[in-house]
Amino acid sequence: MLTLDNLLIEQGDFRLSADFEIETGARVAVIGPSGAGKSTLLSVISGFFTQRAGRVLWDGIDITGTAPGERPLSILFQDQNLFPHLNLETNLALGLNPKGKIDRAARARIEAALERVGLDGFGKRKPGQISGGQQSRAGLARALLRARPMLLLDEPFAALGPALKAEMLALVAEIAGEQGTTVLMVSHDPEDARVLCPQTVLVADGIAHPPQDTAALLANPPPVLKDYLG
Ligand SMILES: Nc1ncnc2c1ncn2[C@@H]1O[C@H](COP(=O)(O)OP(=O)(O)OP(=O)(O)O)[C@@H](O)[C@H]1O
């Protein structure tokens with residue numbers, strides 16, 4: 001279980017509070033107006049940005065002071081955070097250990113992860129030598145390989161066409177289901193929330209609200225969400 005305990009986030013004039021829990025294995029969309037603080041909330045959970053007050057806990061253990069790489073999570077951004085000068089094999093190996101060392105066991109796991117996302121035989125290619133959709137798959141393969149309890153997605157599939165995006169969301173659902181992964185996904189597309197996430201955290205007016213039923217929220221959105229959805 002992820003617990004955001006009385007979090008207060010400040011960034012210049014910007015303030016955001018969050019005080020709720022997310023059950024293990026839940027899939028939760030994070031939606032709200034541009035600039036509301038969705039990415040910042042994910043940065044605090046992943047440890048790249050430090051909150052003003054409050055704590056982040058995983059299964060009751062305080063991870064507030066834990067370095068990003070040591071937290072029980074993987075995070076995927078739109079650019080898939082792949083290193084352009086390294087081939088996919090090495091990019092994936094860096095998900096396993098910080099030096100990217102590839103022994104026989106690691107190679108087998110990397111090959112299995114690439115195969116799982118439909119990229120078998122692509123290990124020696126660099127990110128620039130594959131398509132955007134394939135880069136998304138490679139990013140997901142690295143997250144899959146790390147097999148951390150939480151997967152944070154910050155609009156990783158926003159640049160993909162509708163068919164590819166649907167395919168990636170289905171792949172996330174499948175892999176998260178198998179590994180029991182807790183998923184938090186920032187998206188501007190309410191359809192993504194509908195498809196992947198039974199629950200949604202609404203971030204608006206300085207508050208990250210506790211998770212609520214996605215279908216009910218989208219069927220009857222509060223004014224701030226209605227304005228944003230158009
Ligand atoms: N380095 C910074 N210094 C001060 N304020 C910042 C900084 N970076 C972001 N902000 C502010 O923090 C707020 C939250 O930004 P954030 O990127 O988390 O919003 P978001 O909901 O993810 O937006 P979007 O949907 O447009 O990506 C914004 O109002 C932004 O202007």
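Worth knowing before you read on, the calculation uses all heavy atoms, side chains too, and leaves out hydrogens, waters and symmetry mates. Atoms within each ligand, like the ligands themselves, are counted from 1 in listed order.
- In this structure, Q199 and P211 approach most closely via the heavy-atom pair NE2-CB, 3.7 Å.
- Checking D62 against T64 by side-chain atom types alone, a donor-acceptor pair falls below 3.5 Å.
- Inside a 4.0 Å radius of atom 18 (O) of ligand 1 there is at least one protein heavy atom.
- In this structure a side-chain-to-backbone donor-acceptor pair under 3.5 Å is missing from S187 to E155.
- The distance from the CZ atom of R27 to the OG1 atom of T214 is 10.0 Å, given to the nearest 0.5 Å.
- Taking a 4.0 Å cut-off on heavy atoms, A36 registers as neighbouring ligand 1.
- Within ligand 1, the atoms closer than 4.0 Å to a non-hydrogen atom of T40 are 14 (C), 15 (O), 16 (P), 18 (O), numbered from 1 in the order shown.
- Contact annotation for atom 9 (C) of ligand 1: protein present (non-hydrogen atoms, distance under 4.0 Å).
- Using a 4.5 Å cut-off between side-chain heavy atoms of Ile, Leu, Val, Met, Phe, Trp and Tyr, with links allowed through other members, F122 and L96 fall into the same hydrophobic cluster.
- Ligand 1 is never approached by S43 to a heavy-atom distance shorter than 4.0 Å.
- Across G35, P33, A204, heavy-atom proximity to atom 14 (C) of ligand 1 is greatest for G35.
- Every atom of ligand 1 is numbered from 1 in the order shown, and the set under 4.0 Å from a heavy atom of G37 is 14 (C), 16 (P), 18 (O), 19 (O), 20 (P), 21 (O).
- Salt-bridge annotation for E178 and R116: present, with a side-chain N of the basic residue lying under 4.0 Å from a carboxylate O of the acidic one.
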